[in-house]
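Below: the structure, in structure tokens.
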There are 2 protein chains.
Amino acid sequence: MTETQSCPLEILLKQISGQWTLYILWVLDTNGSQRFGELRRKVEGISTKVLTERLRLLESLELVHRHHEPTIPPQVTYTLTERGKELSGTLDRLYELAVRWYGTDPKAVV
Amino acid sequence: MTETQSCPLEILLKQISGQWTLYILWVLDTNGSQRFGELRRKVEGISTKVLTERLRLLESLELVHRHHEPTIPPQVTYTLTERGKELSGTLDRLYELAVRWYGTDPKAVV
DNA sequence: CCGCATCCCTTCCGATACTG
DNA sequence: CAGTATCGGAAGGGATGCGG
């Protein structure tokens, strides 16, 4: 019951753990609001099931906002919240490292 | 076989995914080299099994160096490599966010 | 188009007990 | 002290097929 007083970073990292969570935020940050299908294509390798799950998680953490336009066919757009932007903004340096360590992003706009 | 050409950030995030991985790096960064027991106490809530597993992973990624002094009792010290320092250095801003969102670290030195 | 449902597998995690 | 061994459970993930 008495929650162990943990470092806030420990709490945050637990919440956003998982292979895809942060990457989805990053894609939303660098590409702006995206529809489900766009997201699925840009987050290479992810399945619709997992993408849905992760988006729901990000919604519940108020990092992403879901806008549903009930047209036919439906249009659903995902946008970073202010919180989400703050968080994805911290990934810039991680991206730089990744490029140095693993090579240039084939999709990067030079 | 033909590896899908992914964004390097996607690769990196996959490698370091998991609830504890980055947090261990952070603890090693802010506290300097640590022995196994120190680490276990500072990474609150982790079990010895998982801590061992994650340290082995970090070793294999060359983010952490393991120094084993075969005394009795043995002394094993874990230290960030240059790579590890680079990576943990990118967590500063994430830590700031975490503090703002979830409150001040009870262990923080003010 | 945007999912949800299902099945199944792997990884990650947690607790406990034990050893050199 | 620094792990290993074992077990069980939870979460994350992948593939496929169906539905509003």
Side-chain angles (χ1 to χ4, degrees), chain A residues 1-4 6 10-25 27-28 31 33-61 63-79, chain B residues 1-4 6 10-25 27-28 31 33-61 63-79:
Chain A
M1 291 304 159
T2 46
E3 261 301 325
T4 309
S6 296
E10 183 178 335
I11 301 171
L12 177 59
L13 286 174
K14 174 162 185 167
Q15 291 183 336
I16 60 176
S17 65
Q19 183 183 161
W20 300 109
T21 318
L22 286 176
Y23 190 63
I24 294 170
L25 284 182
V27 169
L28 279 172
N31 296 276
S33 296
Q34 297 282 302
R35 295 179 57 183
F36 186 87
E38 297 175 308
L39 221 36
R40 187 172 47 76
R41 280 185 296 277
K42 275 167 184 148
V43 182
E44 281 187 38
I46 200 170
S47 66
T48 65
K49 171 179 166 287
V50 174
L51 180 54
T52 304
E53 284 174 1
R54 298 289 94 187
L55 285 169
R56 295 281 181 276
L57 171 71
L58 291 170
E59 246 191 292
S60 76
L61 295 175
L63 297 172
V64 160
H65 175 69
R66 179 176 188 264
H67 177 69
H68 176 228
E69 200 67 43
T71 53
I72 297 181
Q75 295 205 359
V76 182
T77 307
Y78 294 92
T79 311
Chain B
M1 289 303 160
T2 47
E3 262 300 327
T4 309
S6 296
E10 183 178 336
I11 302 171
L12 177 58
L13 285 174
K14 173 162 185 166
Q15 291 183 335
I16 60 176
S17 66
Q19 184 182 160
W20 299 109
T21 318
L22 286 176
Y23 190 62
I24 293 170
L25 284 182
V27 170
L28 279 172
N31 297 276
S33 296
Q34 297 282 302
R35 296 178 56 182
F36 186 86
E38 297 176 309
L39 222 35
R40 187 173 46 76
R41 280 185 295 276
K42 274 167 186 149
V43 182
E44 282 188 38
I46 201 170
S47 67
T48 65
K49 172 176 164 288
V50 174
L51 180 54
T52 303
E53 283 174 1
R54 298 289 93 186
L55 284 169
R56 295 281 182 275
L57 170 71
L58 291 169
E59 246 192 293
S60 77
L61 295 174
L63 297 172
V64 161
H65 175 69
R66 178 176 187 266
H67 178 68
H68 176 227
E69 199 68 42
T71 51
I72 297 181
Q75 295 204 1
V76 181
T77 307
Y78 293 92
T79 311

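Bear in mind that the values here come from a model prediction, so they are computed numbers and not experimental data. Below, chains carry the letters A, B, ... as their sequence lines are ordered, and counting in each starts from 1.
Salt-bridge formation is not detected for the pair B:Glu10/B:Lys14: no Lys NZ or Arg NE/NH1/NH2 atom is positioned less than 4.0 Å from an Asp or Glu carboxylate oxygen.
Atom-to-atom distance recorded for B:His68:NE2 and B:Phe36:CZ is 12.5 Å, nearest 0.5 angstrom. For the atom pair B:Ile16 CD1 and A:Ser17 OG, the distance stands at 11.5 Å (nearest 0.5 Å). Between A:Leu63 atom CG and A:Leu57 atom CG the span is 8.0 Å, to the nearest 0.5 Å.
The shortest distance between the side-chain N/O atoms of B:Arg56 and the OP1/OP2 oxygens of D:dG3 is below 4.0 Å. Look at A:Arg41 and you won't find any side-chain N or O under 4.0 angstrom from OP1 or OP2 of C:dC2. Residue A:Tyr78 places at least one side-chain N or O under 4.0 Å from the OP1 or OP2 atom of C:dG3. In terms of phosphate contacts, A:Arg35 brings a side-chain nitrogen or oxygen within less than 4.0 Å of OP1 or OP2 of C:dC2.
If you check distances only, the side chain of A:Lys49 never reaches the base of C:dG3 with a donor-acceptor pair under 3.5 Å. Scanning atom types as modelled, no donor and acceptor separated by under 3.5 angstrom connect the side chain of B:Ser17 and the base of C:dC12. A donor-acceptor contact under 3.5 Å links the side chain of B:Thr48 to the base of D:dT4.
Each of B:Arg66, B:His65, B:Glu59 was evaluated against B:Tyr78; a single residue qualifies, B:Arg66, per the side chain to side chain donor-acceptor pair (under 3.5 Å) test.
C:dC12 atom C1' lies 17 Å from atom CH2 of A:Trp20, rounded to whole Å. The CD atom of B:Gln15 sits 15 Å away from the C1' atom of C:dT11 (whole-angstrom rounding). For A:Lys14 and D:dG12, the NZ to C1' distance is 14 Å, given to the nearest whole Å. If you measure from atom CD of B:Gln75 to atom C1' of D:dA2, you get 11 Å, rounded to the nearest angstrom. The distance between atom CD1 of A:Ile16 and atom P of D:dA11, rounded to the nearest whole Å, is 18 Å. In this entry the distance linking CD of A:Gln34 with P of C:dC2 reads 11 Å, nearest Å. At whole-Å resolution of the value, CD1 in B:Ile72 and C1' in D:dG3 are 15 Å apart. For B:Ile46 and C:dA15, the CD1 to P distance is 11 Å, given to the nearest whole Å.
The shortest distance between side-chain heavy atoms of B:Arg56 and B:Thr52 falls below 4.5 Å. Residues B:Thr79 and B:His67 form no side-chain contact, since every pair of their non-hydrogen atoms from C-beta on lies 4.5 Å or further apart. Here the side chains of B:Leu55 and B:Leu39 are in contact, with some heavy-atom distance below 4.5 Å.
End-to-end axis angle of the helix from C:dC1-D:dG20 to C:dG20-D:dC1, from C1' rotation axes over five pairs per end: 50° (rounded to 10 degrees).
A:Thr52 comes within contact range of the sugar-phosphate backbone alone, with a heavy-atom separation under 4.0 Å but no base atom that close.
Listed nucleotides C:dG14, D:dG20, D:dG3 differ in distance to A:Pro74; the shortest reach to its side chain belongs to D:dG20.
Each of A:Pro73 and B:Arg54 was matched to the nucleotide of DNA chain C holding its nearest heavy atom; the match closer to the 5' end belongs to A:Pro73.
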